[in-house]
Protein chains: 2
Amino acid sequence: MKTQTIEKINLFSQEEKIIAQVILGDCLEALKNVKPNSVDLIVTSPPYVDQRDGTYGGIKPGEYVAWFLPRSAELLKVLKPTGTFILNIKEKVVDGERHTYVLDLIREMKRQGWFWTEEFIWHKKNCYPGKWPNRFRDAWERLLQFNKRKQFHMYQEAVMVPMGDWAKVRLKNLSETDKIRDNSKVGSGFGKNISKWVGREMAYPTNVLTMATETSNKNHSAVFPNELPSWFIKLFTKRGDIILDPFLGSGTTSVAALELDRNSIGIEIKKEYFDLAIQNINRQIRP
Amino acid sequence: MKTQTIEKINLFSQEEKIIAQVILGDCLEALKNVKPNSVDLIVTSPPYVDQRDGTYGGIKPGEYVAWFLPRSAELLKVLKPTGTFILNIKEKVVDGERHTYVLDLIREMKRQGWFWTEEFIWHKKNCYPGKWPNRFRDAWERLLQFNKRKQFHMYQEAVMVPMGDWAKVRLKNLSETDKIRDNSKVGSGFGKNISKWVGREMAYPTNVLTMATETSNKNHSAVFPNELPSWFIKLFTKRGDIILDPFLGSGTTSVAALELDRNSIGIEIKKEYFDLAIQNINRQIRP
DNA sequence: GTTCCGCATGAATCGATAG
DNA sequence: ACTATCGATTCATGCGGAA
């Protein structure tokens, strides 16, 4: 097991540093070294069934739940009582029908002590192309929200969006500096001020997120776009909090956390991705 | 049990009539009088879990699966081997978390002999408003596709959409004559011609449907918008086929079937809605 | 005939109050 | 403690009337 720590000076309080920690190893083992009740948000997209090569031992649909449960047990330990776990997952088509391992997983995680608070939908606007005789392209994935308690931290103002038809027009008209300023204010805890500032022109979002997948990265299998962890980080954490991604991949979650001045812990089993994540995180600090 | 039959002259073959049959009663009983293996498509939105004592006895979350299973068993009997069952449903929040009765229902229906082929998402653009400290507005519902076999009839060309409008059903902008013309062509098996006619500008949709609910309908609250059954009727049936809705409500499914020159059977337990459905169906024939 | 504005209307959920 | 009822909250849509 190898750990790399990357530091970034916090622009808002110079004494405080933002830390991105990246760990090489299986999260089942690595998580045992993470302090219990210390993480504010877990957001991850675990390896899909049979998608990656046999790194995790070639998980088959029928074995997925048994493979995941010991890991979610560790996640339950490290999460703060007020924290949230966002799990991005979608069941595969097996033999012409949707497999039930995700539904089974929800049930078993509830039995494990998790609350299944909500299911967000990630609507992928530019989904994977293709044509089949008996089904259309799959344009959505589940974003399952689990909690340890019914009460948890949520900063809804941080993700407010322009109202109705204004949305599309207005969003395009915002300059890049406006966007950055928005993020800064939100990160600084001025979210409420924003909502007051714009008054009736902002609305709370729904549980359907429409985001395009990032196609720019040709090297790696389609991970989620930066916008996705970014949205949940803004919604469920404040500046200085700790974000965990037990299946870090190319480091998207850590990069998003760093951008928003949150500390992060990322765990990745594959050396190739571990190196890539560190590279991407460093690029965020010094582009 | 009372049955009303409404006939409409088929514009394409004068000898043949399109029939809309509406039955008053509990579908559990009424379905036993429907011929086995005769229905091409079942599309329905059953009563959701209600706290209030409703017509079905105020089904509680924990009782929902047991209530539904005997009815889905009857549906399995009447559906053709090549037919499809589309179930519109969404689980409620109970005690701060999503209840699992829908997930349980999927599992039990599989055990009953159904194939769970796909899960479409209905993205409701105008969802119910409201604000809560720990969740956002619910803007989506499940559209579960079940089949008796892995091979079933599907006419993908019938629901092709203009490119760039993926997953958006923009029938509203089409004039009434355009709608009829389109439907006629599709119903006549000219779907492929349409796709050739417009050439590159048409694309297959995805498994995410974006439609608004019909709220300000003068007469009654439409359960789902006309476009919803209409879309699945075009996708899974051809002209002259038989559509079944065991929870007809205000008759939306029958009206959509009639518009598209499909025969229909609608079952409704509540006299008030039974009458309303007949009224709405008649209005479709003679506006 | 357009366009614009005002208004009623929801398959909701939470928290408090009451039996 | 546990269940039933009620008010407050909130926003996209489509209708009707007005300019």
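A, B, ... follow the sequence lines: proteins, then strands. Residue 1 opens every chain.
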Student: Please report the distance, rounded to the nearest Å, between NE2 in B:His123 and P in D:dA12.
Tutor: 11 Å
Student: Which nucleotide, C:dA11, C:dT13, D:dT13, lies nearest any side-chain atom of B:Lys92?
Tutor: C:dT13
Student: Between A:Phe120 and A:Phe232, is the gap from one ring center to the other below 6.0 Å?
Tutor: yes
Student: Rounded to whole Å, please give me the gap between CZ in B:Phe136 and P in C:dC14.
Tutor: 14 Å
Student: Within this structure, what is the CD-to-P distance between B:Glu214 and D:dC15, rounded to whole angstrom?
Tutor: 9 Å
Student: Using both distances under 3.5 Å as the test, list the Watson-Crick or G-U wobble partner of C:dA11, or none.
Tutor: none
Student: Whether the side chain of A:Arg135 engages the backbone of B:Glu118 through a donor-acceptor N/O pair (distance < 3.5 Å, no angle test) should be reported.
Tutor: no
Student: Please pick, from C:dT13, C:dG15, D:dA12, the nucleotide with the shortest atom-to-atom distance to any side-chain atom of B:Arg98.
Tutor: C:dT13
Student: Of all the choices, C:dT13, C:dA11, D:dA12, which nucleotide is nearest to the side chain of B:Lys125 once you look at every atom?
Tutor: D:dA12
Student: Name the closest nucleotide to the B:Arg135 side chain, picking from C:dA11, C:dT13, D:dT9.
Tutor: C:dT13
Student: For B:Asp104, is there an ion pair with B:Arg107 - N to carboxylate O distance below 4.0 angstrom?
Tutor: yes
Student: Could you check whether A:Lys124 pairs with A:Asp138 (Lys NZ or Arg NE/NH1/NH2 to Asp/Glu carboxylate O, under 4.0 Å)?
Tutor: no
Student: Quick one: on DNA chain C, does B:Asp95 or B:Cys127 contact a more 5' nucleotide (nearest heavy atom)?
Tutor: B:Cys127
Student: Rounded to whole Å, how long is the line connecting atom NZ of B:Lys90 with atom P of C:dA12?
Tutor: 12 Å
Student: Which is true for A:Pro205 with a 4.0 Å heavy-atom rule: it touches a base, it touches only sugar-phosphate, or it touches nothing?
Tutor: nothing
Student: Can you tell me the base-pairing partner of C:dC4? Count Watson-Crick or G-U wobble geometry only, both distances below 3.5 Å, and say none if there is no partner.
Tutor: D:dG17
Student: Among C:dT13, D:dC11, C:dG15, which nucleotide has an atom closest to any side-chain atom of A:Tyr204?
Tutor: D:dC11
Student: Find which nucleotide of DNA chain C each of A:Gln151 and B:Asn126 is nearest to by heavy atoms, and output the residue with the more 5' nucleotide.
Tutor: B:Asn126
Student: Can you check C:dA12 for me, syn or anti if syn means within 90° of 0?
Tutor: anti
Student: Could you state the NZ-C1' distance from B:Lys131 to C:dG15, rounded to the nearest angstrom?
Tutor: 13 Å
Student: In this structure, how many angstroms lie between the C1' atom of C:dA12 and the CD atom of B:Glu141, rounded?
Tutor: 11 Å
Student: In terms of side-chain heavy atoms of B:Ser45, which of C:dA11, C:dG15, D:dT10 is nearest?
Tutor: C:dA11
Student: Among D:dT9, C:dT13, D:dA12, which is the nearest nucleotide to the side chain of A:Ala203?
Tutor: D:dA12
Student: Measure the distance from CD on B:Glu97 to P on C:dA12 and round it to the nearest whole Å.
Tutor: 20 Å
Student: Would you say the ring centroid of B:Phe152 lies under 6.0 angstrom from that of B:Phe115?
Tutor: no
Student: When the distance from CH2 of B:Trp140 to P of C:dA11 is rounded to whole Å, what number comes out?
Tutor: 18 Å
Student: Does B:Arg71 come within less than 4.0 Å of B:Glu74, counting only side-chain N to carboxylate O?
Tutor: no
Student: Please determine, for the side chain of B:Tyr128, which listed nucleotide (C:dG10, C:dT13, D:dC11) has the closest atom?
Tutor: C:dG10
